[in-house]
Amino acid sequence: KKPDVLLLDEPTNHLDVYMVEFLEQLLLKNNFTLLFISHDRYFIDNIATNVVEVDGGMLRKFSGGYSSYLEQKSQILENMQKDHENLLRMVKREAHWMQHGVTARRKRNERRKAEYFDLKQKARSNPAVIRKMSLELQREQKSFNSEEKQQNRKKMLYELDDVCKSLGDKQLIRDFTTRILQKDTIAIVGPNGSGKSTLLKIFMEKMKIDSGRFKKGDFEIGYFDQQRESLDDNKNLLETFCPNGGDRVILEDGRNMHVFGYLKNFLFPREYLDKKVGVLSGGEKNRVALALLFTKKVDCLILDEPTNDLDIPTINILEEYLQNFQGALIFVSHDRYFVDKIAKKLFVFQGNGHIMESFQPYSEYLEIEKELRELETFESELQKEATTPKVAPAVKKQTKLSYKDQREYDILPKEIEDLEKKLDEINRCLMDPKCYEQKGIVAMSKELEDTKNIYDEKVERFLELEELIESFNS
């Protein structure tokens, strides 16, 4: 049954990108009122026509999707006091990234789509074009980065040669070869159950490979996962961050801060310092775990779905810390916006254990992947057409106007007559200074042009229908 109103609470949580895309298409096709809560910024931008922000017990409505919300929010915050300077800086950075990063990619995608549809037409007469276009798209999907050559001098963290790993009968990783260097920023992406978390466990040395060679350098790892293993529910926040007493924390970059000043950056008020970790919500625990992680001096951060259960302001804080982090970053995420913004390289699980390296933004990679699937379908259809004998369909001769055409033919004379009267009125007004000064000569000229276009369309349609009627009689 189709509802009149559909309520969704974090609908994209734990869905992979392919299910999110399916959900988006499903929601856009249906005509019902939709109210949803989400921290998936691309999902909000693609689906929402209005955004309602809940802040400090107040509701504020913004028109449009996430990018429009950022622009309007930035304008509001500019008029506020210095207390909001940090938030304004973050929103402005987010709006700038959305405008320049996303808009540029959309323009490239639109240009590529135009070329795609043009080639699709040519392919009907020359099927070899399809293979050529598929190869071009596959090359673009890898989008090899010239910076890789410049990174050879950097410290080697991991080296994998022909690594294979299976769980039961399922091959998760097949002949995977790669090197991970100091300051690499890598997102591991792919469908649920494809083996992404298994690869993280191999990097953490919590799981052994079946075959191949795995080499890890001598360096410190910081790890974040959904189980929040680093937290003790019986400790309060002060004990968690200052286990040896005192009220100061030393950050990864060497700064010495008061624990409250540091936790304020993660949106915790002062009264939370005495709260036990066990009484916090899932999202609050994630914020504590991330804040704790950034106090550790590590060479490599490994994160498993770090944005799950986080609200957008906290995700923005996380992104800022990760962008300033000086070590290597390896993370698993289904959050397309987060991956686009943070990752410089992708490890894409493509199925059957195959992992592809790509230097493309993730949303662009997905767009090309979709086009490749469409090309594959199109090629199959062409082959089917070529082998299926064509039978000309029997054409039933039309002997009278359809009900819709007849109704249109009956009312067109009156509509044409009314438009002629309106044209006369406008022309008379344009001859009278008092009239056109009152209504505005520019507005009257535009109304004349619009009315004349409608009049010409109606007359042309009436003549078409008359010719059709004459063809029946002959």
Side-chain angles (χ1 to χ4, degrees), residues 15-21 134-135 137-145 147-149 151-152 156-217 221 223 225 300-306 328-336 338-340 342-373 376:
L15 296 184
D16 60 35
V17 290
Y18 306 102
M19 279 306 298
V20 172
E21 185 189 355
S134 290
L135 287 170
L137 284 171
Q138 284 163 9
R139 286 191 198 106
E140 189 177 350
Q141 208 171 32
K142 289 180 182 176
S143 189
F144 287 111
N145 194 332
E147 288 180 14
E148 185 76 357
K149 291 176 184 175
Q151 292 179 346
N152 287 341
M156 179 80 71
L157 302 185
Y158 292 103
E159 193 167 7
L160 285 75
D161 285 314
D162 294 328
V163 166
C164 294
K165 179 65 184 176
S166 298
L167 288 180
D169 297 331
K170 188 173 182 180
Q171 177 106 44
L172 296 177
I173 300 168
R174 184 194 304 269
D175 301 328
F176 182 48
T177 298
T178 193
R179 293 186 308 162
I180 297 176
L181 307 175
Q182 178 188 8
K183 292 195 177 182
D184 272 356
T185 306
I186 301 166
I188 302 173
V189 296
N192 282 339
S194 56
K196 302 184 298 296
S197 293
T198 299
L199 183 57
L200 281 193
K201 286 173 184 172
I202 289 171
F203 287 137
M204 293 284 295
E205 297 185 296
K206 291 184 176 181
M207 192 173 277
K208 293 189 180 298
I209 62 174
D210 295 338
S211 62
R213 188 172 73 91
F214 172 81
K215 184 182 177 184
K216 176 183 174 293
I221 293 174
Y223 180 58
D225 71 344
C300 176
L301 284 175
I302 295 181
L303 313 177
D304 193 357
E305 293 287 0
L329 172 63
I330 305 167
F331 66 96
V332 168
S333 182
H334 292 304
D335 186 330
R336 298 160 293 175
F338 180 75
V339 174
D340 276 350
I342 300 298
K344 294 185 176 69
K345 187 198 283 189
L346 304 176
F347 288 167
V348 187
F349 277 75
Q350 297 184 306
N352 298 320
H354 296 295
I355 303 172
M356 186 180 90
E357 287 192 22
S358 173
F359 289 89
Q360 272 200 316
Y362 189 33
S363 53
E364 243 182 67
Y365 173 89
L366 290 169
E367 191 70 33
I368 293 175
E369 187 180 54
K370 188 177 175 183
E371 287 172 21
L372 283 167
R373 285 198 303 268
E376 205 174 297

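What you see is a predicted model, and the numbers here were worked out from it, not measured in a lab.
- When all heavy atoms of Cys164 and Gln171 are compared, the closest pair comes out as CB-NE2, 3.8 Å.
- Counting only distance, with no hydrogens or angles, the side chain of Asp210 and the backbone of Ser166 share a donor-acceptor pair below 3.5 Å.
- The main-chain N or O of Asn352 is found under 3.5 Å from a side-chain atom of Arg174 such that the two form a donor-acceptor pair.
- Taking CG of Asp175 as the reference point, atom CG of Asp161 lies at 11.0 Å (rounded to 0.5 Å).
- A distance-only check finds a donor-acceptor pair linking the side chain of Asp16 to the backbone of Asn192 [under 3.5 Å].
- Here the CG-CD distance, from Leu372 to Glu367, works out to 11.0 Å after rounding to the nearest 0.5 Å.
- Here the CD1-CG distance, from Ile188 to Leu303, works out to 10.5 Å after rounding to the nearest 0.5 Å.
- Considering all non-hydrogen atoms of both residues, Thr185 and Ile342 come closest at CG2-O, 3.2 Å.
- The list of ring pair (Phe, Tyr, Trp, His ring centres under 6.0 Å) pairs with a residue in residues 194-214, not counting sequence neighbours, reads Tyr158-Phe203, Tyr158-Phe214.
- Shown here is Lys216, whose NZ atom has more than 12 heavy atoms of other residues, nucleotides or ligands within 6.0 Å.
- By the 6.0 Å contact criterion, NZ on Lys208 is open, its count of non-hydrogen atoms from other residues, nucleotides or ligands being 12 or less.
- The shortest non-hydrogen separation linking Lys345 to Arg179 is NZ-O, 3.9 Å.
- With hydrogens and angles ignored, the 3.5 Å screen pairs a side-chain donor or acceptor of Thr177 with a backbone N or O of Asp162.
- In this structure, CD in Glu159 is found 9.5 Å from OG1 in Thr178, a value given to the nearest 0.5 Å.
- Heavy-atom minimum distance, Phe338 versus Ser333: CD2-OG, 3.9 Å.
- Side-chain contact between His334 and Val20: absent, with no pair of heavy atoms (C-beta onward) separated by less than 4.5 Å.
- The backbone N or O of Gly193 sits less than 3.5 Å from a side-chain atom of Lys170, completing a donor-acceptor pair.
- Checked by atom type and distance alone, the side chain of Lys196 pairs as donor or acceptor with a backbone atom of Pro191 at under 3.5 Å.
- Across all their heavy atoms, Met19 and Leu15 have their closest contact at CB-CB, 4.1 Å.
- In this structure, CZ on Phe331 lies 11.0 Å from CG on Leu301, to the nearest 0.5 angstrom.
- Summarising the geometry of Pro361 relative to Asp340, their closest heavy-atom pair is C-OD1, 3.4 Å, with the distance given to 0.1 Å.
- Atoms CD1 and CG, on Ile355 and Leu346 in that order, are 12.5 Å from each other to the nearest 0.5 Å.
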- request: Could you walk me through whether Leu366 and Glu21 pass side chain to side chain contact (heavy atoms under 4.5 Å, CB included), step by step?
  value: CA-CA 10 Å; Leu366 290 169; Glu21 185 189 355; over 6 Å; no
message: Set out, in order, the CA-CA distance, both residues' side-chain angles and the distance that settles side chain to side chain contact (heavy atoms under 4.5 Å, CB included) for Phe349 and Thr198, then state yes or no.
response: CA-CA 12 Å; Phe349 277 75; Thr198 299; over 6 Å; no
task: Determine, step by step, whether Val17 and Val189 satisfy the side chain to side chain contact (heavy atoms under 4.5 Å, CB included) criterion, reporting the C-alpha distance in whole Å, the side-chain angles of both residues, the deciding distance to 0.1 Å, and the verdict.
output: CA-CA 9 Å; Val17 290; Val189 296; over 6 Å; no
message: Evaluate Ile173 against Ile202 for side chain to side chain contact (heavy atoms under 4.5 Å, CB included), listing each step before the verdict.
response: CA-CA 11 Å; Ile173 300 168; Ile202 289 171; 3.8 Å; yes
